Protein chains: 2
Amino acid sequence: MFEVTPESAETGKRRDAASDVKPLPMNPLSIKVACSNCNLRELCMPMGLKADELDKIEEIVAVRRKVKRGGRLYSNGERFTSLFAIRTGFFKTCITTEDGRNQVTGFQMAGEIIGLDGIVKEHHTCDAVALEDAEVCVMPFERIEELSREVAALQRHVHKIMSREIVREHGVMLLLGSMRAEERLAAFLLNLVQRLHARGFSQSELLLRMTREEIGSYLGLKLETVSRTFSKFVEEGIVEVKQRHVRIIDTEALKLIVNHNQQPC
Amino acid sequence: MFEVTPESAETGKRRDAASDVKPLPMNPLSIKVACSNCNLRELCMPMGLKADELDKIEEIVAVRRKVKRGGRLYSNGERFTSLFAIRTGFFKTCITTEDGRNQVTGFQMAGEIIGLDGIVKEHHTCDAVALEDAEVCVMPFERIEELSREVAALQRHVHKIMSREIVREHGVMLLLGSMRAEERLAAFLLNLVQRLHARGFSQSELLLRMTREEIGSYLGLKLETVSRTFSKFVEEGIVEVKQRHVRIIDTEALKLIVNHNQQPC
DNA sequence: CGGAACGTTGACACTAATCAATACCAGTGG
DNA sequence: CCACTGGTATTGATTAGTGTCAACGTTCCG
């Protein structure tokens, strides 16, 4: 289980994601499986485990669960029991307030862990919506805690995942607090391709799984601004955009937009 | 150790913060101490511990450390070894990028835990700056991990603290992504007094420990906008402001500003 | 084919940023 | 004690950047 490490690029996508699933006689929505022959193993298992430790960790993933496009993995207020490792598909997480505000707090892809928000109150505080048909490994949190009391490497891994999420959110705060529209969108695109590339996809081409409105919500912009900014990038020859297909022509230009904050000497 | 729970209000501040410190013959900047007679105990210790578990947890806090106003508890890039529980004082955490961007990611007060960002990379990714003279309990992370393998209640507590930070940051993302200046400042003030009140301070009066610029950085606004928005609140009779002294006259008005997002039916 | 959801583009309004001047306050040293 | 200084805060005038509203185009899917 558990997310991407920088070194572990080039995994995923090479085999059909479902090719190593041996269907067992169970609920069709929840098939028992093993981590050790999962093609995302390198993306999300702690490294350097002894054989017996590995056996134990196998037991964490109780079942898998499929979520259809538009379906919810969990919803605000729902009781928290498990973390989820995304096997295939793409999610957004978002919070909604009573007064109708809505904020996309992140987009998650294969190999990433989702559900950490639920731990504090033992209830989820946001919604996780599948943006394409998805499958996740269900990891009961009690088991994770139990096992990470026995396996220090797992414990460390869990701590790192949570800390990584905190640091990621710091980055989003920087983006929302200090960047202009172009800078936000450039940073967003670079982040997406970087993560996709770590999963074996192209460095320059990507298929957006979300609408302009969802991008806008995540970036603190209106959908029209997102659209206009895309158009601007196209005019400048930085990207090609055909609806949700994006090809990055000039990665360096995007990086300049993000980093070339005018600096007074 | 470890932060505020809603129930545990009304602690702190009643005794002089240093009154239960028995100076031992050690480095003057690092005095060995016990949690069990700390006046912040109810704010930050896991509940329902057995006596022997409590004894173990005592051992986590190795030493205390004082940080002068303007000084740094830790800096970006510095090796991560410990979490810190704030005993007295007030901190900001902020990230700075090479191109000169700066973002305050949070303000922390007594009873809160600081340093979680350092776990992933084993190096800190932000700076923690004291906004007034402060004292923290140093908790070596290796010890925390060791003990939380033995004491499930502690383990759960650590997980909750990290999850709470994630949820807090979701709230900040909502603020930065969807609120206008007045809404941001109103939400900020309400959050501050709420936390101060949980520590035994007034519900209506507060002394800002940070500059307008720091508030602005946190809220994604320029200092002039923060100042103007304060003035607007004063005109409307919602608050009184004398430099860093703020008295909240009309809490409900602030709540309305935050929540009364125009709602299409 | 028709409709709904999504995306693009234009005109205009408005919020917050910028630039600039002035005021306030705490601390320092004469 | 006062004057001075540097950091901080307030306020005004102006502008840049997004939001808003609206019309139209595109794509997908039943």
Side-chain angles (χ1 to χ4, degrees), chain A residues 68-70 92 100-104 129 131-133 175-186 188 207-236 239-246 257 261-264, chain B residues 68-70 92 100-104 129 131-133 175-189 207-236 239-246 257 261-264:
Chain A
K68 280 244 165 294
R69 176 153 176 259
K92 70 168 177 181
R101 277 185 224 281
N102 197 289
Q103 176 73 29
V104 172
V129 180
L131 298 181
E132 57 178 358
D133 291 359
L175 181 145
L176 291 172
S178 81
M179 292 188 184
R180 295 178 311 107
E182 299 166 46
E183 298 167 338
R184 294 182 197 195
L185 189 62
F188 172 72
L207 182 60
L208 300 173
R209 260 56 228 229
M210 68 295 280
T211 66
R212 301 289 189 263
E213 187 170 17
E214 286 162 335
I215 296 172
S217 173
Y218 182 60
L219 299 179
L221 302 170
K222 292 294 158 183
L223 64 94
E224 295 95 328
T225 305
V226 173
S227 185
R228 272 187 249 276
T229 309
F230 267 126
S231 301
K232 194 172 178 210
F233 286 173
V234 171
E235 277 171 34
E236 292 170 345
V239 298
E240 282 173 17
V241 179
K242 222 191 297 176
Q243 302 289 125
R244 299 198 178 179
H245 295 266
V246 175
I257 289 172
N261 191 22
Q262 62 291 357
Q263 184 78 311
Chain B
K68 278 243 165 296
R69 174 153 176 263
K92 69 168 178 183
R101 276 186 225 280
N102 200 290
Q103 176 72 30
V104 172
V129 180
L131 298 182
E132 57 178 356
D133 291 1
L175 181 145
L176 291 172
S178 80
M179 290 187 185
R180 296 179 313 106
E182 298 165 46
E183 298 168 337
R184 295 183 196 193
L185 189 62
F188 172 73
L189 289 175
L207 183 60
L208 299 173
R209 260 54 230 231
M210 69 296 279
T211 65
R212 300 291 189 261
E213 187 170 16
E214 286 162 335
I215 296 172
S217 173
Y218 182 61
L219 299 179
L221 301 170
K222 292 293 158 182
L223 67 96
E224 294 95 329
T225 304
V226 174
S227 185
R228 269 187 251 276
T229 308
F230 267 125
S231 300
K232 194 173 177 206
F233 286 172
V234 170
E235 278 171 35
E236 292 169 347
V239 299
E240 283 173 17
V241 178
K242 221 191 295 171
Q243 302 290 124
R244 299 199 178 178
H245 296 266
V246 176
I257 289 173
N261 191 23
Q262 63 291 358
Q263 185 79 311

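Small disclaimer: the values here were computed from a predicted structure and weren't measured. A, B, ... follow the sequence lines: proteins, then strands. Residue 1 opens every chain.
- Positionally, the nearest nucleotide of DNA chain D for A:Met179 lies more toward the 5' end than for the other of A:Met179 and A:Gln243.
- For D:dA9, the OP1/OP2 oxygens have a side-chain nitrogen or oxygen of B:Arg244 closer than 4.0 Å.
- Atom NZ in B:Lys222 sits roughly 17 Å away from atom P in D:dT10 (whole-Å rounding).
- When all heavy atoms are compared, the tightest approach of A:Ser178 to B:Gln103 is N-OE1, 4.1 Å.
- The distance from atom CG of B:Leu208 to atom C1' of D:dT8 is 13 Å, rounded to the nearest whole Å.
- Contacts of A:Gly216 with the nucleic acid, taken as non-hydrogen atoms under 4.0 Å apart, are absent.
- Here D:dT8 presents its C1' atom at 16 Å from CZ of B:Arg209, a figure rounded to the nearest Å.
- Within residues 223-233 of chain B, the residues that have a heavy atom under 4.0 Å from DNA chain C are, in order of number, B:Glu224, B:Thr225, B:Arg228.
- With rounding to whole Å, B:Glu235 atom CD is found 12 Å from D:dT10 atom C1'.
- OP1 and OP2 of C:dC6 both lie 4.0 Å or more from every side-chain N or O belonging to A:Arg212.
- More than 12 heavy atoms of other residues, nucleotides or ligands sit less than 6.0 Å from atom CD of A:Glu132.
- The interatomic distance linking A:Leu176 (CG) with D:dG17 (P) rounds to 19 Å, in whole Å.
- In this structure, A:Glu213 atom CD and C:dA4 atom C1' are separated by 15 Å, rounded to whole Å.
- Listed for the B:Arg212 side chain is no donor-acceptor partner under 3.5 Å among the backbone atoms of B:Leu223.
- Annotation: of the two residues near DNA chain D, B:Met210 and A:Gly220, the 5′-most nearest-nucleotide partner is B:Met210.
- Taken from CG in A:Leu185 to CD1 in A:Ile257, the straight-line distance is 9.0 Å, to the nearest 0.5 Å.
- Counting only heavy atoms from C-beta outward, the side chains of B:Glu214 and B:Leu131 approach each other to under 4.5 Å.
- Judged by distance alone, the side chain of A:Asp133 and the main-chain N or O of A:Lys68 form no donor-acceptor pair under 3.5 Å.
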